[in-house]
Amino acid sequence: MLIERKWKKWLYFYLPMAVFILFTLFPFYWMAVTALRPDHELYRTWRQASATPFWTLEPTLEHFRGLLQTTAFPKWLWNTMLIALVSTVISLICGMFAGYALARLKFRGSEFLGTAIFVTYLVPQTLLFIPLADIIRDLHLGNTPWALMLTYPTFLIPFCTWLLMGYFKTIPKELEECARIDGATRFGAMVRIIFPVAIPGILSAGIFAFTLSWNEFIYALIFMSSADLKTVPVGVVSELIRGDIFFWGQLMAGALLGSIPVALVYSFFVEYYVTGLTGSVKG
Amino acid sequence: MANVTIRNLNKKYDGGFHAVKDVNLEIRDKEFMVLVGPSGCGKTTTLRMVAGLEEITSGEILIGAEVVNDLPPMDRNIAMVFQNYALYPHKSVYQNMAFGLQMRKYPKHEIEKRVREAAEILGIESLLERKPRQLSGGQRQRVAVGRAIVRHPEVFLFDEPLSNLDAMLRVQMRVELKRLHERLETTAIYVTHDQVEAMTLGDRVVVMKDGWVQQVGEPLELYGKPLNRFVAGFIGSPAMNFVDVTVSDSSGVLWADADGLRLKVPPQLVERVRAHAGKRIAIGVRPEALHLASGSDLPEYSFDTAVDVVEPLGNEILVNFRAGGAPMVARVDPAVRLKARQNIRVALDPERVHFFDDKSGAAI
Ligand SMILES: Nc1ncnc2c1ncn2[C@@H]1O[C@H](COP(=O)(O)OP(=O)(O)O)[C@@H](O)[C@H]1O
Ligand SMILES: [Mg+2]
């Protein structure tokens, strides 16, 4: 390798990197600072002489206390977690089987089906919620967690199927052929060989699906009405914005607490997640 | 232990491509049969049909006395070694080898015994706990073979198992596979595009081209009596020299003429070549059937030419020159010193000359 000049590396690598990091992380920082700021700092003009817009001199946990005590936030957190987990598991299981079938089985219309599933994913939720609301009402599922656990898969399954289909295609087909010679049925080869080898891909699909359901807003807003049954994104917005009054401190405290589980999931699986996106390891 | 019979086997792929055409083979019990041919000639397809991984378009495959056309791979009692080894990346070497036995519900101690035994044969006892990605190419190769032999199948199928190894290792593994076959005495079908591998490993060799079987025979039979020009040119390295000649009959003696070359048709071939008098045919001579002419060589089997390139290989020298409008190679004694553009007189061994029909390529 050529020895490059230091300033070049700074100019073309570190500097853009720093700008990018600043750009992505600043909102989180802002969220954290706002959550910790006492009310009298929040609701005053910046033009004041002693204003410290980018940090706070009197950090307080007041908003967190308020959030946990005056709203149903713990309940929302629990609802979101449960709904995200159940719909992710449902979608992953369906996606694994469907993705495998599309990647490996040759049947009439398999390509058309693959495209069709992808197109389903592209239909915007803002259109889909109207017919879905009808179905939910007819099944008497409105205002129960099942309303979301069953509607989230409508966009998660196409997503998981598509992602996993791509992943399964990168696994050499000789692996399962060998397993079938070794005495496994097609199903056995899939479960014992292909799925374990595809764990990085399955985990990435799972993380994505979990995040998508965690952040979902429209369905959660429409299908859940009691305060107790809301999810974090809806609960925070609907209970902490009253009319034109924004409870900024509690809003940001809620957002911060709500993003912690997702951040944990990501950091826990980050290695798998990267290999999952870049294809299977060569055996 | 079993023989494998292939009758009128055909394979047409979905797109309509006819990859295997009317293949008939009888592979005897304990025989090592090699399928060889250029890339794309249908070797792998044939093997995969025997394994049950590819559907048979028409024809029959028998293992032992049983028609296996409709049996799934697991019920055919075969084992296959793939070109890319296809080791299960998430399983250890031990688990890789044990998998086939576990699927067949062998008792644990029996599995353990067989895996250890196979590992010992292949010299991989110390690797049993490793994962495939922690192995070198040669070691992976051994594990793949080990996984095949633990099951004691009736037939081994190999699809170019050595082609991912470097040259040195390939030669070494070739010998080991041969030794292994002699020890295990199991019917084996081995696919390769490398004719040296085919000749060294095979009890018999099948040469294929464009989906057709060209010739089946023992290695020396293919070498000495090729049925057509393709087999003659494919087997042997450097390849057989071919010159297009015209046959002329002058008062009972047949001559083969080409640009600046006039050779007498050897007596043992006169009868058969006579039918082609006045027509163009190809004459084929192996590099080792050519030598530098000395006083005892008959003039009707000798010709003059000039050295083009000399390739001194140590144990032999390959001399390239042109004769009758075609490039030729002769394999000569390493003691001879030759220089480029030097004039030489080359003689051929009349016992080892082949003639091939110009159109069909069939041996005359
Ligand atoms: N799944 C397939 N679909 C269509 N054509 C195929 C398929 N597999 C192989 N072929 C074609 O069949 C021919 C023989 O292939 P193969 O048996 O793999 O040849 P090789 O002798 O190199 O092993 C090739 O021309 C190849 O392009
Ligand atoms: Mg092949």
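Order of the sequence lines fixes the chain letters, A, B, ..., with proteins taken first and strands second; residue numbering starts at 1 for each chain. Nothing here was measured: the structure is a model prediction, and the numbers come from that model. Only this structure's heavy atoms are used, side chains among them; waters, hydrogens and symmetry mates stay out.
- For a residue to count as touching a neighbouring chain, one of its non-hydrogen atoms must lie under 4.5 Å from one of that chain's; by this rule B/R48 touches chain A with the side chain only.
- Proximity to chain A is limited to the side chain of B/F82, based on heavy atoms less than 4.5 angstrom apart.
- In this structure the side chain of B/E55 never reaches within 4.5 angstrom of the side chain of B/M49, judged on heavy atoms.
- Between B/F32 and B/F158, the angle of the ring planes stays under 30°, which puts this pair in the parallel group of the 30/60° scheme.
- There is no contact between B/K131 and chain A, counting heavy-atom distances below 4.5 Å.
- Top candidate by heavy-atom pairs under 4.5 Å with chain A, chosen from B/R147, B/Q83, B/R76, is B/R147.
- In this structure, the separation between OG on A/S213 and CG on A/L82 is 11.5 Å, given to the nearest 0.5 Å.
- At a 4.5 Å heavy-atom cutoff, the contact between B/D14 and chain A is made by side-chain atoms alone.
- When heavy atoms are compared at a cutoff of 4.5 Å, B/A148 does not approach chain A at all.
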Apply side chain to side chain contact (heavy atoms under 4.5 Å, CB included) to B/E129 and B/V93, showing your working.
-> CA-CA 6 Å; B/E129 298 314 317; B/V93 168; over 6 Å; no

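- Using bins of under 30°, 30° to 60° and over 60° for the plane-to-plane angle, the ring pair A/F97/A/F195 lands in the perpendicular bin.
- Both the backbone and the side chain of A/R192 come within less than 4.5 Å of a heavy atom of chain B.
- A/E216 places none of its side-chain heavy atoms less than 4.5 Å from the side chain of A/T231.
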